[in-house]
Every structure is written in C-alpha cells, then in structure tokens.
Amino acid sequence: KILVIGACGQIGSELTAKLRELHGAEAVIASDIREGDKEMMEAGPFEVLDATDADAVEDICAHYEVTDVYLMAAMLSATAEKYPSKAWNLNMDSLFNVLDLGKEGKIEKIFWPSSIAVFGPTTPKDNTPQKTVMEPSTVYGISKQTGERWCEYYHNKYGVDVRSIRYPGLISWKTMPGGGTTDYAIEIFHDAINKGEYTCFLKEDTALPMMYMDDAIKATVDIMHVPGDKIKDRSSYNLSAMSFTPQQIAQEIKKHISEFEIAYEPDFRQSIADSWPASINDKEAREDWGWEHHFDLENMVKEMIAHLPKKSYF
Ligand code: VAH
C-alpha cells in the first residue's frame, strides 16, 4: 500500500491521482492536515494526518500495511520566511518520522522532495551541477539541504531506501500553489485569463528553473519505480526542464492572449529568487534513472491556456 502525506498540496494532489491511476484507488491512502476537496475525498481512502505526529504516522502505516511513503508535506520558501520555526519543525519532524519508520523496517521505500532552494547566493548560477557549493540563505532551503543530508545518512547507516528529487518551480493548472517564490508562474495564467493583466512580484529578468507538473509527477513515479541500485545519489537529484524569466513567459502568453499586459512590483520574494540558480544541470538523473522532460516553455503555455477555464472576452 502507498501513503501520500500532504496529498492536498500542489504536488501531492496530482501525485495521488497518478498513483491511483497506476495502482488502483484502494492501494493509495491520501492524507493531509485537513480534509481535501470532494473529488479527493471520494476517489479513495483518506486520513486526516499531522505529519509531525510520529505516533499518528506510524499508526496509519500499520493500519493500512503501508510499504511506500511519499512525504509531500512542507512549508514552502516564501511562507517559511514568515514562520521560520514552524517551517523548520514541519519540514524536519515529518522527515524524521518517516525515515525512522524506514530504519525500523516498518515501511520499505520513501520519496522525499528536495528543491533547487538548497542552492544559495554562492552557488554557480548557470547550469548548476548536482554537487557544488550550497549555502542556502532561506529557511526553506536550509531545511531542504539538511533533509538531504539526513536522507543520505539514513540510507548509508540504516539501509533506508529513500529517494529524492530537487524540484524546480512547478507549474500546474489543477491546483493553486502554496506560498512558493515560483508561484508567479502560475498566478500569471489565472490573471492573464481572468483580468488580462498581471502584476509580477519578481523583476522581469529573474530567470528561474521551472518544470510543468506532468514532468515532475512522471519523474517522481519513475525514481520510485526503478531498481534501487540505479539510485547512485541518496541525497537528492537535480532535475530540470526549462528556465525562463517573467518577461519570457509573458511574451509566450501574449501569443495566445494578445491583449495581456504585465507589470512588475518586486517584493520580499525577489531576494529569495536572487539566491537561487538561473538554470540546472540534471545529467545524473538522465544517466542514472533515465529522466527526460517533455514540456518546454512553448508547449507548457499551450497546455496551461488550454486547460484553464476561459473568461468572457475569449
Ligand atoms: C518554492 N515552489 O517556491 C517552491 C520551490 C524551487 C521552488 O521549492 O518555494
């Protein structure tokens, strides 16, 4: 059985749907700190679960005979700057709760999401390699970098089969994002369609690594389904699909919504974005477990525009 912790989140909700498609609804238990929407609640088993409560996580794994856990609950970069200790506790206590079940042999396999946020201002900005200087300057980035070290430690010391991906900014239309710095790349579509204009909280030339959600979900399922000996790096894998600036995505949207206008009013999230790489080198994921992306900026924008509900002036 599979348990998704944080199943109502931006990644968790699409991941849960994909896993239920692959393994059957009853094989995938969705859980989150509060109940999900109607679709989520009716699609298969659901449990209200606080990922920081070790006994509750253990009880649900025992009750459903869970073998694989996808730990998708976390506080993202922008919100974590507002609530540092809450972010640290949620991001770390939840990870230890799941890693310890692996160490005790109560579950067999763990997926844990890292992020390009593990890189910091001193990291080489372009085509950032998997192994390089990492001095994250955000609470979220520090928690992800530390989490990677613990995943590697639990694998090397206790043989825990934990696998991890450093997600770039993820773009999806099914769910709204939750407190990330890359959220502009989702909000811009909703405003372009609903209002014909968008005020971006990052500067126009802020290049960031990005990926369409379908690619991220495919990578997550793939890394968990390859034989363990293919996973050469038990801290986390760089993953990349594209890199673009607010100006570039706005230009691409204008090809579909010609009257769309963008304005720029950078806020506190600009300094977070400035501390991250502009683009990522993911050659190890491609070599070790066959990663390849399918969506670039042009076809991602086409997908997003095609799926988002249209407004009157179309
Ligand atoms: C965030 N979407 O903005 C997340 C992600 C690389 C960005 O970690 O915090």
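As the structure lists them, so they are numbered: ligands from 1, and atoms in each ligand from 1. Residue indices begin at 1 and follow the sequence shown. The model shown is predicted, which means the values in this text are computed figures rather than measured ones. Values reported hereafter were calculated over all heavy atoms of this structure, with side chains retained and with hydrogens, waters and symmetry mates removed.
Taking a 6.0 Å sphere around OH of Tyr158, one finds it holds more than 12 heavy atoms contributed by other residues, nucleotides or ligands.
Salt bridge present: Lys131 and Asp233 bring a charged side-chain N and a carboxylate O closer than 4.0 Å.
Closer than 4.0 angstrom to ligand 1 lie heavy atoms from Leu76, Ser77, Ser115, Ile116, Tyr140, Tyr167, Pro168, Gly169, Gly180, Thr181, Thr182, Trp276.
Aromatic ring pairs are classed by plane angle as parallel below 30°, tilted from 30° to 60° and perpendicular above 60°; the pair Phe96 and Tyr154 is tilted. Aromatic ring pairs are classed by plane angle as parallel below 30°, tilted from 30° to 60° and perpendicular above 60°; the pair His293 and Trp291 is tilted.
Ring centroids of His23 and His225 are separated by less than 6.0 Å, placing the two rings close together.
Among pairs with a residue in residues 39-52, those fulfilling salt bridge (charged side-chain N to carboxylate O under 4.0 Å, His left out) read Lys38-Glu42, at least two apart in sequence or across chains.
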